[in-house]
Participant: 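Starting off with a structure, shown below.
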Amino acid sequence: QTVLTVSSWLPPTHGMSVAQKEWCDLLEKNTAGKMKCNILPRGVANPPGTFDAIKNGLADVSFTVHGYTPGRFVYTQMAEFPFLGNTSEPISVAFNRVASKHPEFMAEHQGVKVLSFFTHGPGIVFNTKRAITKVEDLQGLKFRVGGGMVNEISKNLGMNVTLKPAPDSYELLSGGVMDGTLFPAESTESFKIDKIIKYATTFPGGLYNTSFVFMMNQGRYDKLTADEKKAVDAISGEPAARIFGRAWDNVDRRATALMQVNQVQITKADAKFVADVKAKTAPLEQKWVSEAAAKGLKDPAKVLAEFRAEIAKQEK
Amino acid sequence: MALTFADVTGRKLMDNSIPGSLEMTELLMVIVIFAALPLVSLRGEHVVFDSMDSYLPPRVLKFQKAAIHLLSALALLALGWLMWNTGAQFAQNGETTAQLKLAKAPFIYGMGILCAISGLVHLYLMVRPPAELADGEGTAL
Amino acid sequence: MIAALLGFAIIFALALLRVPLAFSMAGVGIAGIGLTRGWDPALASTAQVVYETGFAYTLSVIPLFILMGNFVARAGLAQELFQAAYAFIGHRRGGLAHATVVACAGFGAICGSSIATAATMGKVAYPSMAKLGYSKELSMGVIAAGGTLGIMIPPSTIMVIYGIITETNIGKLFAAGVLPGLLSAALMMLGIVWITARDPQHAPPGARSTWAERWAALRGIWGVLLLVIVVLGGIYGGIFTATEGAGFGAFGAFVFALARRRLTWAILYEVLVESARTTAMLFTLLIAATLFANFVNFTSMPGDLKSLITTSGLSPTMIIVAMMGIYVVLGTVMEELTMVLLTIPLFFPIVTALGFDPIWFGVLIVMVVQIGLISPPVGMNMFVLNALLPGVGLGAIYRGCWPFVFVLVLMLAMLIAFPQLSLWLPSLMK
Ligand code: NA
Ligand code: NA
């Protein structure tokens with residue numbers, strides 16, 4: 001019997017830990033119990049350290065956010081741009097399809113075997129102070145953001161942002177140290193700020209997104225027998241992206257319902273607001289194209305277009 | 001070196017949302033802590049269970065202390081080497097801090113060097129015992 | 001299970017051989033991971049834990065609070081607190097002892113360390129007690145026990161350490177310590193009443209102060225009151241996080257010491273370096289504890305313990321009582337920081353799995369540390385006083401501490417029986 005040591009830096013009840021367990025259960029079922037997971041009681045490393053923990057073999061399987069290790073991943077930032085899609089599953093599936101066509105994406109993950117890429121749901125602007133209906137409203141409030149492209153996006157929009165880990169949100173918002181945060185819907189519930197926030201502004205396709213990778217230690221994968229590799233491969237890539245994507249969409253739906261219960265005032269960004277954001281964030285796509293090209297990706301603009309087209313196809 | 005503490009404090013007082021102030025705090029912490037590590041070793045402030053000391057003959061105790069300093073020295077030198085290699089890895093990956101985009105590698109090289117210096121301090125202590133501590137000095141609880 | 005137990009046994013053996021705790025815990029942790037996961041992952045994860053602990057923002061709360069306590073101690077504040085307390089209650093039976101407890105509580109509201117509180121108050125209060133003819137036993141017991149208030153009344157280093165290891169909100173832990181700290185002080189004063197009623201020889205009464213003297217004494221401490229109110233009020237009121245509050249407090253204390261002309265460049269340098277050293281020492285311990293906890297995470301121990309407890313048939317409260325019993329016994333002979341760092345990775349998951357509030361458990365942990373610090377034969381508060389006041393003798397200190405060990409055990413029982421004592425204040429925080 002082959003046992004994979006699996007770690008999650010989120011609590012076992014969180015949607016992502018549940019999705020990872022679902023993948024494990026599927027692996028066990030498909031191999032008739034010949035392969036299974038030993039899910040550790042707690043994560044082997046904090047979120048930023050997880051990529052290295054898998055690369056170094058501290059655990060065999062886990063997932064992480066690319067933006068937690070700034071400077072390492074360029075190509076995957078493609079999945080963090082504004083207005084990608086309204087749900088996680090189509091974006092995640094498209095992400096895998098496009099990335100699998102370009103070996104550079106895997107090359108950026110030297111030392112780990114990429115099982116799947118995925119993203120969360122559309123990024124939303126939450127705050128405790130006032131309804132945000134136009135670009136100018138974003139200025140003058142203090143926002144918490146995570147790392148990665150969302151940081152660049154918010155800077156280009158002229159927002160006053162501080163980079164703090166997501167779990168600090170409760171303390172920062174409840175104490176009034178910060179006025180708002182950028183999150184997918186789900187995180188209002190899992191980080192317990194659902195009763196504090198008063199206003200939400202949603203954007204068609206999301207203001208931003210976050211790129212994740214679900215991965216295995218390369219050496220561990222190489223040591224699997226041919227049959228075992230086949231079993232892992234069979235549920236990696238698109239199938240795994242669907243598991244994680246669907247998990248995000250489930251918890252997003254629940255959290256959105258909860259927002260209605262808590263009477264959060266939800267503003268849908270109008271055409272003008274969206275156009276303004278597009279104008280201000282367009283240079284970021286240009287910047288990404290030149291950075292990705294410099295790092296070795298051929299015709300990044302085409303890859304990005306391909307990605308958007310694939311999402312549109314998946315969303316149908 | 002430790003004056004940086006006051007610097008952080010001042011920054012906090014002025015405005016806690018200066019961009020990158022959080023990262024500055026983290027980086028200053030790294031410098032202060034690892035710079036103080038050799039001093040902790042030099043003054044023998046690591047937490048030690050010393051209740052058995054009065055039951056041991058002085059010569060045994062002296063030998064025991066020397067042996068443990070040697071062990072500690074080896075451990076810290078090894079850690080210094082490990083951190084130096086990790087620093088090299090960071091330099092290769094080009095990893096930076098999130099907001100200020102400072103390279104992390106120099107800080108990790110620094111950690112390695114200071115760990116190694118602490119190791120050397122323990123080698124020195126094999127021949128010379130640490131200074132007597134004032135009452136309650138260097139205690140945490 | 002066996003692997004983890006073996007790890008514990010080796011750490012104890014190495015500790016007995018006088019190997020510094022940080023080195024033995026880290027060594028066992030690294031070796032354990034090496035044997036269960038392989039040596040490359042073990043080394044890589046060691047490096048990772050070292051730099052991540054270094055880069056952790058929340059940890060900066062430790063040096064800042066240490067700094068704040070050191071500045072205030074240098075400003076000569078302990079003396080003034082003691083004089084103010086003495087002016088009001090010094091003339092009663094056992095008045096000096098009561099005044100010492102009150103001054104300890106006040107000093108504890110700025111200083112996060114129990115040992116520093118005991119050492120500072122020992123210097124300030126003992127000479128007055130000796131002059132009035134107080135018994136050595138009562139004086140030592142009161143100062144050692146009063147000193148422990150330093151870690152229950154916020155700020156508190158042990159709460160920060162617990163908060164970091166268990167990822168519990170430090171601001172709420174601080175709020176949770178306020179009532180238990182004040183109640184402990186009240187219980188200690190009841191203990192003094194009982195001791196002095198049984199044998200008035202322990203504590204001859206002092207002179208009565210006039211109201212003019214009392215107000216004059218109060219004027220000396222307003223600055224500190226302000227500092228405490230701003231820092232703790234700011235944290236509770238949500239104006240800043242615990243870390244920012246600590247920064248603010250350290251800066252305020254610095255200004256305070258400066259205003260009193262107690263700061264020379266030499267003293268400033270000394271305070272800063274000492275704070276940095278204490279922080280570095282704590283960090284090596286935190287790094288080592290993390291490495292060891294990572295190893296325990298890979299063993300079957302957490303799961304085994306959980307099933308052992310679920311099959312034992314004990315009620316959840318009884319399990320807590322049993323844990324606390326173990327702590328009180330261990331605390332008599334073990335260094336308390338060692339005890340907490342070694343056991344938290346084991347006990348904490350059980351406690352949360354049983355559905356108990358981590359904040360409440362944190363307060364219980366602080367209480368058992370308090371007890372350990374003054375329970376003979378091994379307790380740092382007693383050793384510090386012994387070193388500070390060579391004429392007294394450990395025997396007298398031991399005899400003096402026993403009654404207060406019972407007082408604190410009683411307090412522990414109350415905290416277990418009435419979780420509201422700990423949880424009411426944090427529940428008021430937004
Ligand atoms: Na305190
Ligand atoms: Na003790």
Side-chain angles (χ1 to χ4, degrees), chain B residues 1-6 8-13 16 22-23 25-30 32-37 39-40 43 45-53 61 64-65 67-68 71-72 75-76 79 82-83 85-87 89-90 97 104 107-108 111 115 134-141, chain C residues 15-23 26-27 43 46-48 50-51 54-57 59-60 63-64 67 113-116 118-119 151 157-158 240 244 247-248 250-251 254 269 272-285 333 335-338 369 373 377-378 380 384 387-388:
Chain B
M1 168 269 296
L3 276 167
T4 47
F5 266 133
V8 176
T9 330
R11 199 186 314 278
K12 285 277 162 196
L13 192 70
N16 56 35
L22 181 141
E23 278 180 16
T25 312
E26 287 181 354
L27 296 175
L28 291 175
M29 282 280 292
V30 166
V32 167
I33 292 160
F34 282 83
L37 192 59
L39 297 176
V40 175
R43 301 188 57 112
E45 284 178 331
H46 288 293
V47 173
V48 162
F49 184 83
D50 53 6
S51 312
M52 303 282 285
D53 286 6
L61 193 63
Q64 188 188 28
K65 282 182 181 173
I68 283 161
L71 222 79
S72 306
L76 282 166
L79 186 63
L82 183 66
M83 294 315 290
N85 283 351
T86 308
Q89 268 174 37
F90 270 75
T97 64
K104 280 189 180 173
F107 291 92
I108 296 172
M111 286 180 184
C115 285
D135 313 297
E137 197 186 4
T139 47
L141 279 180
Chain C
L16 278 179
L17 286 172
R18 220 181 185 285
V19 176
L21 179 68
F23 293 96
L43 289 182
T46 305
Q48 205 179 340
V50 171
Y51 72 70
F55 278 112
Y57 172 72
L59 295 185
S60 56
L64 291 171
L67 204 54
S113 149
S114 156
I115 294 162
I151 51 171
T157 40
I158 185 78
F240 29 62
E244 286 157 349
F248 201 92
F251 189 78
F254 169 71
Y269 174 79
L272 290 172
V273 172
E274 190 185 332
S275 306
R277 287 205 322 264
T278 308
T279 311
M281 185 270 285
L282 273 173
F283 268 64
T284 56
L285 278 171
V333 290
E335 200 277 323
E336 285 70 30
L337 193 55
T338 318
V369 169
L373 285 167
V378 181
M380 275 309 291
V384 164
L388 192 71

Participant: Does any heavy atom of chain B fall under 4.5 Å from the side chain of C:V50, the backbone, both, or neither of them?
Facilitator: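 For C:V50, heavy atoms of backbone and side chain both lie under 4.5 Å from chain B.
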Participant: Quick one: what part of B:T86 sits under 4.5 Å from any heavy atom of chain C, side chain, backbone, both or neither?
Facilitator: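 The side chain, not the backbone.
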Participant: Please look at B:I108 and chain C and tell me whether the side chain, the backbone, both or neither of the residue comes under 4.5 angstrom of a heavy atom of that chain.
Facilitator: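 Side chain of B:I108 only, per the 4.5 Å heavy-atom cut-off to chain C.
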Participant: Roughly how far, to the nearest 0.5 Å, is CE of C:M281 from CZ of B:R43?
Facilitator: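 Result: 12.5 Å between the selected atoms.
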Participant: Go through the structure and list residues passing side chain to side chain contact (heavy atoms under 4.5 Å, CB included) with C:L43, not counting sequence neighbours.
Facilitator: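 Once residues adjacent in sequence are excluded, the partners of C:L43 under the side chain to side chain contact (heavy atoms under 4.5 Å, CB included) criterion are B:L82.
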Participant: So which atom in B:V40 and which in C:R277 form the shortest heavy-atom distance, rounded to 0.1 Å?
Facilitator: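 For B:V40 and C:R277, the tightest heavy-atom pair comes out as CG2-O, 3.2 Å.
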Participant: Looking at every heavy atom in both C:A276 and B:A36, which two are closest together, and how far apart are they?
Facilitator: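 Distance-wise, the nearest heavy atoms are O-CB, 3.5 Å.
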Participant: Flag the pair B:V32 / C:F283 as yes when at least one side-chain heavy-atom distance between them is below 4.5 Å, and no otherwise.
Facilitator: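 No; the side chains remain at least 4.5 Å from each other.
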Participant: Excluding sequence neighbours, so at least two apart, what forms ring-ring contact (aromatic ring centres under 6.0 Å, His included) with B:F107?
Facilitator: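 Expected list: none.
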Participant: Are B:L71 and C:F23 side-chain neighbours, meaning at least one heavy-atom pair lies under 4.5 Å?
Facilitator: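 No, side chains not in contact.
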